[in-house]
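One structure is given here, and the rest of the page talks about it.
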Amino acid sequence: MFRNKKKKLGQTLSYPLAIRSEANRKIIRTLLYAQAVTKKYLRNFYQKDTLDLLSDGMKKAYKLLEPLTPSPWYSRIPSRINRGILEVAGRILRTVNARRNLFDLLVQTFGQSPDTWSYKKLIEKHQIYIKSQYITNIAEQTENFFLAQDEYPQDFLQLQTAPTLHEPMITYAPDDGQAIRVEKNADHLDISLKVLADGASKSKPEWEWVKIAVPLPPFVRPCPALAPDLRLANIHGQLLPVLDYKIQIEGAKKKNTPYFLTVDWGVRKLITLCVFDREGQQICPPIFLQFEPVQKKLLRIRNEIDHIKAQRDSLPGKSSLWKKYNQEIAKRWRKFRAVQKEMAHLASNVIVLIAQIYNCSEIYVEWLKSLKSHKYSHCLNWLINTTVREAIYTKVAYKANLVGIVLKRPVQPYGTSQYCPRCGKQGIHTKSPNLKDELKSGGWFLCLSCGFNADRDYVACCNLARKVLYGNLRDLSKGIAYTASPISESLFRQSKLPRNLFPRERLRRHLSGWNEVSLTPQSHFCGTLRL
């Protein structure tokens with residue numbers, strides 16, 4: 001049924017299939033039991049020798065951990081289920097290992113004091129691209145340790161307690177038919193799962209097979225399947241087991257064209273896009289993806305959460321209403337995250353589709369996917385911190401790969417909105433084109449040397465292209481030249497799009513459910529996609 005991962009080609013995608021059957025109670029009970037075992041393994045294996053062992057990323061985690069498994073636990077669990085649990089524990093420990101390696105790198109590079117740690121220097125001098133939030137978290141932990149112990153930690157394990165598994169999960173990657181059996185039929189999957197039997201105790205668990213049928217969406221039926229994962233998820237307030245059905249998609253042949261797309265993250269605009277060629281010519285006008293209505297929706301949900309929290313906190317500590325208020329808060333957070341996820345999918349679809357329109361072979365994005373802000377106004381900080389840059393970046397990576405476009409390593413963003421893309425000299429920011437007074441947070445760029453002025457995010461897109469081509473923003477002889485004609489109205493009107501130019505039906509499907517979306521040209525040099 002499942003293809004061997006060693007022989008897989010192309011890209012692996014996961015599609016969640018909610019399970020609704022009479023056996024749900026047994027499946028949920030099995031997942032909760034597996035979660036308890038995983039937590040015990042994590043506590044036992046959280047030590048230096050085991051983490052060093054897991055540094056070998058070429059081997060499956062369960063193969064490294066199985067010899068270390070306590071025999072009493074091993075005897076209670078079927079071997080293939082135990083391997084799946086060990087694989088989950090190993091994956092979690094490997095993520096901890098990544099942070100441990102980062103801590104060691106920071107200490108070796110900058111010293112023990114977090115005051116000397118620099119995310120910018122890691123990128124500029126060492127070409128190490130990691131989440132800046134990781135450094136912030138580790139720095140806070142180190143400072144707290146110093147305040148409590150009056151000395152800096154010598155090892156990362158002193159900073160963090162053993163990790164845990166918050167959502168019950170089993171992976172069937174190590175299985176060979178002894179824990180799960182799947183038969184693909186015309187429109188559904190017939191699945192046999194080994195689960196805990198009724199009446200089984202934790203000390204002496206008994207196992208049995210249950211059979212379930214899960215509907216299979218048409219678009220995943222012809223795709224080769226890989227070993228799935230089983231997890232517990234809250235779907236519309238109902239706790240259900242979910243099978244992450246993994247399929248294999250054959251990757252498209254990589255394009256080889258002189259065109260590339262640059263993407264700039266904005267605050268008032270979600271993203272700004274522009275296409276260039278290898279000769280330094282700008283091929284298309286800038287395209288802005290506006291999302292004010294979505295921002296307002298997210299802000300409204302957040303205000304509701306704050307209001308409910310205030311009501312809850314005004315109650316006595318042991319009030320019976322606390323549970324009700326917490327449920328309402330959790331419900332709104334689920335809605336908040338769902339909107340963010342939809343927005344990430346929509347933005348990534350737009351990026352890849354624009355790259356397809358202009359036959360781009362590469363996409364370059366500035367490295368701000370983990371940006372956090374605390375230095376501006378409360379509203380502006382909120383806008384920056386709730387933008388789902390990392391989710392968009394991740395989705396662009398796999399969607400671009402499916403159509404033969406390469407998402408390149410992120411470009412350092414420093415100075416991209418500060419220098420003129422025409423003459424290379426440093427300019428200023430103003431509030432609008434009509435105002436000449438400098439405003440550091442202004443959205444308009446003005447070059448006092450050559451007089452060039454444009455939208456700040458558009459300037460950043462041009463300078464990203466200059467960094468890609470030349471690597472230096474201060475080189476006065478290497479500017480970006482715009483030679484294309486003004487934006488064509490037909491390019492952004494869905495009713496007039498020629499089928500051979502733009503995948504119109506695909507775009508409509510991607511934009512479904514977003515009533516605020518309109519694709520219309522705004523002005524010369526500007527095409528605006530509004531959410």
Tyr152 and Phe146 aromatic centres sub-6.0 Å: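 Distance test on ring centres: under 6.0 Å, yes.
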Trp322 ring center near Tyr325 ring center (under 6.0 Å):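 For Trp322 and Tyr325, the ring centres are not under 6.0 Å apart.
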Under the 3.5 angstrom rule, does the side chain of [X] hit a backbone N or O of [Y] as a donor-acceptor pair?
| X | Y | result |
| --- | --- | --- |
| Glu366 | Leu464 | no |
| Gln418 | Gln426 | no |
| Asn144 | Glu140 | yes |
| Arg100 | Leu157 | no |
| Thr95 | Ile92 | yes |
| Ser55 | Leu51 | yes |
| Gln35 | Leu165 | yes |
| Thr272 | Phe288 | no |
| Arg94 | Asp56 | yes |
| Asn101 | Asn97 | yes |

Measure the shortest side-chain to side-chain distance between [X] and [Y] over non-hydrogen atoms and say whether it is less than 4.5 angstrom.
| X | Y | answer |
| --- | --- | --- |
| Leu273 | Val350 | yes |
| Leu102 | Ile138 | yes |
| Gln141 | Pro153 | no |
| Gln340 | Leu298 | yes |
| Thr12 | Ile247 | no |
| Leu42 | Leu93 | yes |
| Pro205 | Tyr33 | yes |
| Asp264 | Ile271 | no |

Residues Val365, Trp265; criterion side-chain contact (heavy atoms from CB on, under 4.5 Å); working and verdict: CA-CA 8 Å; Val365 181; Trp265 305 113; 3.5 Å; yes
Between [X] and [Y], a side-chain donor and acceptor under 3.5 Å:
| X | Y | value |
| --- | --- | --- |
| Asn463 | Arg466 | yes |
| Tyr364 | Glu362 | yes |
| Lys399 | Ser348 | yes |
| Lys395 | Asn349 | no |
| Asp244 | Tyr172 | no |
| Asp176 | Gln178 | yes |

Residue that, paired with Glu328, satisfies side-chain hydrogen bond (donor to acceptor under 3.5 Å, both in side chains) out of Lys324, Lys331, Arg332: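 Option passing the side-chain hydrogen bond (donor to acceptor under 3.5 Å, both in side chains) with Glu328: Arg332.
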Electrostatic pair Arg83:Glu66 at N-O distance under 4.0 angstrom: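 So Arg83 pairs with Glu66 through a salt bridge.
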N-O pairing of Asp52 and Lys48 below 4.0 Å: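 Between Lys48 and Asp52 there is a salt bridge, with a charged N closer than 4.0 Å to a carboxylate O.
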Partners passing salt bridge (charged side-chain N to carboxylate O under 4.0 Å, His left out) against Arg99 (at least two apart in sequence or in another chain):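 Listed in chain order: nothing, the list is empty.
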Looking at every heavy atom in both [X] and [Y], which two are closest together, and how far apart are they?
| X | Y | result |
| --- | --- | --- |
| Gln112 | Thr142 | O-CG2, 4.2 Å |
| Leu232 | Pro241 | CD1-N, 3.9 Å |
| Asn24 | Ile19 | ND2-O, 2.9 Å |
| Ala18 | Ile235 | CB-CD1, 3.8 Å |
| Thr38 | Val88 | CG2-CG1, 4.3 Å |
| Asn82 | Ile77 | N-CG2, 3.7 Å |

Intermediate values then yes/no, side-chain contact (heavy atoms from CB on, under 4.5 Å), Leu230 and Ile27: CA-CA 9 Å; Leu230 185 66; Ile27 298 173; 3.9 Å; yes
What distance do [X] atom [atom1] and [Y] atom [atom2] have between them, rounded to the nearest 0.5 Å?
| X | Y | atom1 | atom2 | value |
| --- | --- | --- | --- | --- |
| Ile308 | Asn303 | CD1 | CG | 11.0 Å |
| Cys274 | Leu261 | SG | CG | 8.0 Å |
| Leu17 | Tyr245 | CG | OH | 8.0 Å |
| Ile81 | Thr30 | CD1 | OG1 | 7.0 Å |
| Ile85 | Tyr41 | CD1 | OH | 6.5 Å |
| Ile405 | Ile363 | CD1 | CD1 | 5.0 Å |

Check against side-chain contact (heavy atoms from CB on, under 4.5 Å), Lys425 and Tyr419: CA-CA 5 Å; Lys425 294 186 177 179; Tyr419 293 92; over 6 Å; no
Verdict with reasoning, Arg337 to Lys341, per side-chain contact (heavy atoms from CB on, under 4.5 Å): CA-CA 6 Å; Arg337 287 189 288 268; Lys341 184 178 180 180; over 6 Å; no
Within 6.0 Å of NZ in Lys254, more than 12 heavy atoms from elsewhere: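 Buried by this count: over 12 neighbours within 6.0 Å.
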Flag if over 12 foreign heavy atoms under 6.0 Å of CD, Gln311: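 It does: Gln311 CD has more than 12 such atoms within range.
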CA sep, side-chain torsions, deciding dist, call: Asp306, Arg302, salt bridge (charged side-chain N to carboxylate O under 4.0 Å, His left out): CA-CA 6 Å; Asp306 291 340; Arg302 183 59 191 267; 3.6 Å; yes
